[in-house]
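Quick note on labels: first sequence line is chain A, next is B, and so on, each numbered from 1. If you're wondering where the values come from, they're calculated on a predicted model, not measured in any experiment.
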2 protein chains.
Amino acid sequence: MLKLEPNIKKNLRATGRRMTRTRQAVLSLLQKTRQPVSATEIFERLHQEKVAIDLVTVYRTVHVLKELGLVLQLDLHQEGLSRYELKEGRKHHHHIRCQICGQIEDLLLCPLKKVTKLIEQQTQFIVDDHTLEFTGLCPQCQ
Amino acid sequence: MLKLEPNIKKNLRATGRRMTRTRQAVLSLLQKTRQPVSATEIFERLHQEKVAIDLVTVYRTVHVLKELGLVLQLDLHQEGLSRYELKEGRKHHHHIRCQICGQIEDLLLCPLKKVTKLIEQQTQFIVDDHTLEFTGLCPQCQ
DNA sequence: TGGTATTTGCAATGGACTTGCAATAAGAAG
DNA sequence: CTTCTTATTGCAAGTCCATTGCAAATACCA
Ligand SMILES: [Mn+2]
Ligand SMILES: [Mn+2]
Ligand SMILES: [Zn+2]
Ligand SMILES: [Zn+2]
């Protein structure tokens, strides 16, 4: 079912955690989902699939999966909520969101390597991370 | 006192709005402030200056100033609140924030012109805007 | 110096997310 | 398979940032 599952179970156990029905359900949903999903969306979709899970548990689950490095948390501009996506082998990338319909698409690029060095020189900061996001109109909404 | 004030008053009046004591106070504070400030910070600093203003009014004021295009709203990654800065003649730029002390510094550059075109070709989106932010350690916190 | 529409303060409300705690269930050991 | 310990869950309540309703205050035009 989940190729991921054995590895993930190991990760969980290595930190004194357990693989539970609800964690499997959340992981399974994240695997099916192509777009980053919010806690509420996870909650609603699982209920559609007749999986009983509390919203609090969804929050706690994504938090754990983030700690394990299995899930990435996105805070897109002006959405006022967090979204989550499976990391599973995907490389560093960014996103573009449609202002009308909310569709989010991956941008499989990062143009910031050189700029980061420049910024470190200019500011004397040590740069640790960056967030980059584009917004606009998707083909359907233009 | 405020060079801005006459122009701003015109802007306000042009949209049926009024220049009030509290709006002047918020504008004046934003002028003094070099770093982007949150609504709560505006509230607290004005109270330190013995300016009576309700937090709700701060929210409503920055909202109006944003509508007039006088103020820019920033939602920095994982801060969980919005910050505001005067637009007044400043050009498009980005920010870097120290993960330890929270200091925010302007980055007077934007490396995304070319990438934007590339993204429009690749995704068929019409790109309208972008957000870019760096995080790291400032010189003092390293 | 009014008259009226805008703005303000206060209190209540909304939405995302977190925390406390008792009940439940994972999974190791026997 | 049964038992035992401890992590996890659900429910309720709480936190934090921000918004909304409404009556009182005030900007500003005539
Ligand atoms: Mn993605
Ligand atoms: Mn700035
Ligand atoms: Zn990047
Ligand atoms: Zn830019």
Side-chain angles (χ1 to χ4, degrees), chain A residues 2 5-6 8-27 29 36-47 50-68 70-71 73-84 102, chain B residues 2 5-6 8-27 29 36-47 50-68 70-71 73-84 102:
Chain A
L2 285 183
E5 215 185 298
I8 293 181
K9 188 159 186 176
K10 269 184 202 163
N11 280 330
L12 285 166
R13 305 260 63 237
T15 54
R17 283 183 254 251
R18 297 170 184 178
M19 174 55 88
T20 64
R21 192 170 317 161
T22 59
R23 284 178 183 164
Q24 280 181 32
V26 171
L27 280 164
L29 185 84
V37 282
S38 68
T40 307
E41 283 170 3
I42 294 173
F43 172 80
E44 285 170 352
R45 293 198 197 177
L46 286 179
H47 274 255
K50 308 292 181 203
V51 177
I53 186 174
D54 195 273
L55 180 57
V56 176
T57 305
V58 175
Y59 279 109
R60 287 196 270 232
T61 301
V62 291
H63 182 257
V64 166
L65 296 178
K66 207 179 83 177
E67 276 191 351
L68 294 182
L70 298 171
V71 153
Q73 177 177 350
L74 311 178
D75 299 282
L76 301 188
H77 190 59
Q78 299 217 323
E79 277 212 310
L81 52 77
S82 293
R83 295 183 174 278
Y84 304 89
Chain B
L2 284 184
E5 214 183 297
I8 293 180
K9 188 160 185 174
K10 267 184 204 162
N11 279 330
L12 285 165
R13 305 261 64 240
T15 53
R17 284 183 254 250
R18 297 168 184 181
M19 174 55 88
T20 65
R21 193 170 319 159
T22 61
R23 283 177 184 166
Q24 280 180 34
V26 172
L27 280 163
L29 184 86
V37 283
S38 68
T40 308
E41 283 170 4
I42 295 172
F43 172 80
E44 285 169 352
R45 294 197 197 178
L46 287 180
H47 274 254
K50 309 293 181 202
V51 177
I53 186 173
D54 195 273
L55 181 57
V56 175
T57 305
V58 174
Y59 279 110
R60 287 196 269 232
T61 302
V62 291
H63 182 257
V64 166
L65 296 177
K66 207 179 81 176
E67 277 192 351
L68 294 181
L70 299 171
V71 154
Q73 177 177 349
L74 311 179
D75 299 282
L76 301 188
H77 189 61
Q78 299 218 322
E79 278 214 309
L81 51 76
S82 292
R83 295 184 174 278
Y84 305 89

Using a 4.0 Å heavy-atom cut-off across all strands, classify A/Ser82 as base, sugar-phosphate, or nothing.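 Here A/Ser82 touches the backbone only, sparing every base.
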Remember a base hit wins even if backbone is also touched, and classify A/Ile53 as base, sugar-phosphate or nothing at under 4.0 Å, heavy atoms.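 Sugar-phosphate: the residue A/Ile53, judged by heavy atoms under 4.0 Å, touches backbone atoms but no base.
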Map B/Leu12 and B/Val56 onto DNA chain C by nearest heavy atom, then report which one ends up closer to the 5' terminus.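 In this pair, the answer is B/Leu12.
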First encountered from the 5' end of DNA chain C, between B/Met19 and A/Leu81: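 Nearest nucleotide further toward 5': that of B/Met19.
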Smallest separation among heavy atoms of [X] and [Y], with atom names:
X	Y	value
A/Gln73	A/Ser82	NE2-OG, 2.8 Å
A/Arg23	A/Thr61	CG-CG2, 3.9 Å
A/Leu55	A/Ala39	CD1-O, 3.8 Å

So, B/His63 versus B/Tyr59, ring centres under 6.0 angstrom or not?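 No, the ring of B/His63 stays outside the 6.0 Å limit from the ring of B/Tyr59, centre to centre.
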Whole-Å distance separating the [atom1] atom of [X] from the [atom2] atom of [N]:
X	N	atom1	atom2	result
A/Gln24	C/dA26	CD	C1'	11 Å
B/Asp54	D/dA18	CG	P	14 Å
B/Phe43	D/dC17	CZ	C1'	14 Å
B/Glu67	C/dT7	CD	P	11 Å
A/Leu68	D/dA7	CG	P	15 Å
A/Tyr59	D/dC16	OH	C1'	13 Å
A/Arg23	D/dT9	CZ	C1'	10 Å
B/Gln78	D/dC16	CD	P	18 Å

[X] vs [N]: side-chain N/O to OP1/OP2 distance below 4.0 Å:
X	N	value
B/Ser38	D/dC17	no
A/Arg21	C/dT24	no
B/Lys9	D/dA27	no

Would the base of D/dT6 count as contacting A/Arg18 through its side chain, where contact means a donor and an acceptor less than 3.5 Å apart?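 Answer yes: a donor N or O sits under 3.5 Å from an acceptor.
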base_contact_polar (D/dG10 base, A/Arg60 side chain, donor-acceptor, <3.5 Å):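 Side chain to base: pair present.
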Starting at the 5' end of DNA chain D, which residue's closest nucleotide do you reach first, B/Gly80 or A/Thr57?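 Taking each residue's closest nucleotide, the earlier one in sequence belongs to A/Thr57.
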side-chain hydrogen bond (donor to acceptor under 3.5 Å, both in side chains) between A/Arg18 and A/Thr20, worked out: CA-CA 6 Å; A/Arg18 297 170 184 178; A/Thr20 64; over 6 Å; no
Closest to the A/Arg13 side chain: C/dT7, D/dT8, C/dG27?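 Out of C/dT7, D/dT8, C/dG27, the nucleotide with an atom closest to A/Arg13's side chain is C/dG27.
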